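Computed from a predicted model, the values in this text were never measured in an experiment. Computed from heavy atoms alone, side chains included, the values below leave out hydrogens, waters and symmetry copies. A, B, ... follow the sequence lines: proteins, then strands. Residue 1 opens every chain.
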2 protein chains.
Amino acid sequence: MTRAGLDRARVVATAAGLADRDGAAALTVSAVARELGVRPPSLYSHVAGAQELRAAVAALALTELADRVDRALAGLAGADALVALADAHRAYAAEHPGRFAAAGAAGAGLVDAELLGAGRRHADHLLAVLRGYAVPAGEQVHAARLVGSLLRGFIELEGGGAFAGSSPPAEESWVRALEQLDAVLRTWGSA
Amino acid sequence: MTRAGLDRARVVATAAGLADRDGAAALTVSAVARELGVRPPSLYSHVAGAQELRAAVAALALTELADRVDRALAGLAGADALVALADAHRAYAAEHPGRFAAAGAAGAGLVDAELLGAGRRHADHLLAVLRGYAVPAGEQVHAARLVGSLLRGFIELEGGGAFAGSSPPAEESWVRALEQLDAVLRTWGSA
DNA sequence: GGTTTTGCCTATAGGGCATAGGCAACGTAG
DNA sequence: CTACGTTGCCTATGCCCTATAGGCAAAACC
């Protein structure tokens, strides 16, 4: 029997692909093993278990997304940066629903160093965008939480099909939401 | 052997309590059976299966929450109504995290008549609150989606512990977010 | 080329989901 | 009040997923 040549990166990448294709709920050790043409116990030398596998996919997703946001924000400020950040998140969620769902559920399980690092990058991105607005220092955390909440809520609702049947397409609501968000940030503090 | 006296309502109520106590992930047919002092197969005459059980808990949660919002909104309009609606959601999520999580995940599984009815009530509540603002008719759907997204995102992030360690308490951010949301709705259209 | 390391295997145990079929506790009718 | 029919919870069973233990052979190293 020739070896399959597994390693942690390959296992996690396969898991991420499986989550995107079949849904985050289908992300199991057994399914990944099937996908790789290998028996389930073989994966336990590369990944500690189901929980760690999910955390690894979450970390991968957050890292990939942070990379995208890095590129998207380059050279932009103000409303342009806000829209770039937001669109990067929404596009990633649309392309990789399973990864994104895993990332969203992170924190509920294991929190390793990679996950924490990626989380920090995301927080930094948010604060960088806010720097393009005149939000008072003491209010920045509140503003960041507001932006994060809105993006997460909208993307999850859209992904869950909550806006699916309704008449005005979700895209339009997204543009409006970002316009309003921009207005909020522009006037924050000078109320 | 004396009978346990089960029925669908008791099963679903037990399931809801279990979800709140041990987390939505712990909501299994077996766990509910244990809780009721009964063997797992006994539940299948009252509930079709695990998926239907989760959907039933989601429907229960959405109905309970809609009842609360009904009471909270009575006699209020404008910012008062907005805050009442928002606080009712946040308080319910804090008191019943498992139920709330099940409600949020609904739509991913079965969608029965009860679930649809409860969903409609929630949409009506949102539109009722917007009626207290001068949002143009064509923009109401967008405004409703924005409000819904923000509430859901904030409550989920808070419940997931995203704001846990940070210095300004989540409560403060919540108040700020609702103030900004009120400002958005007041000026919507007259931009 | 022999030895050590490594990687994937089989075997096994436990738990959850779900269906099939049995038996006893209840409601009802004579 | 007894006999019957119905209903409710049971045991038995099979499948899938998780996880651990221990074996065997393919690489890697000297």
Could you state the atom-to-atom distance from [atom1] of [X] to [atom2] of [N] in whole Å?
X       : N      : atom1 : atom2 : answer
B:Gln51 : C:dG16 : CD    : P     : 19 Å
B:Arg54 : C:dC17 : CZ    : C1'   : 11 Å
B:Asp7  : D:dG8  : CG    : P     : 10 Å

Nucleotide N/O to protein N/O under 3.5 Å, stretch nucleotides 3-7 of chain C:
residue: C:dT6; atom: O2; partner: A:Arg3; partner atom: NH2; Å: 2.9
residue: C:dG7; atom: O4'; partner: A:Arg3; partner atom: NH1; Å: 2.6

With sequence neighbours excluded, tell me which residues meet ring-ring contact (aromatic ring centres under 6.0 Å, His included) with B:Tyr133. none

ring-ring contact (aromatic ring centres under 6.0 Å, His included) involving A:His125 - partner list, sequence neighbours excluded: none

With sequence neighbours left out, the residues meeting salt bridge (charged side-chain N to carboxylate O under 4.0 Å, His left out) with B:Arg99 are B:Asp20, B:Glu64

Which residues satisfy the salt bridge (charged side-chain N to carboxylate O under 4.0 Å, His left out) test with A:Glu52, sequence neighbours excluded? A:Arg8

Give me each pair satisfying side-chain hydrogen bond (donor to acceptor under 3.5 Å, both in side chains) with a member in residues 21-49 of chain A, each pair once, sequence neighbours excluded. A:Arg21-A:Glu35

Not counting sequence neighbours, list each pair that qualifies as a salt bridge (charged side-chain N to carboxylate O under 4.0 Å, His left out) and has a residue in [range].
range                       : answer
residues 159-168 of chain A : none
residues 75-91 of chain A   : A:Arg90-A:Glu158, A:Arg90-A:Glu171
residues 129-143 of chain B : A:Arg176-B:Glu139

Are A:Leu146 and A:Leu181 side-chain neighbours, meaning at least one heavy-atom pair lies under 4.5 Å? yes

Which residues in residues 14-44 of chain B have at least one heavy atom lying under 4.0 Å from any atom of DNA chain C? B:Thr28, B:Val29, B:Ser30, B:Arg34, B:Pro41, B:Tyr44

End-to-end axis angle, where each axis spans five pairs of the helix from C:dG1-D:dC30 to C:dG30-D:dC1, to 10°: 0°

Set of residues satisfying side-chain contact (heavy atoms from CB on, under 4.5 Å) with respect to A:Ser173, sequence neighbours excluded: A:Phe154, B:His142, B:Arg145

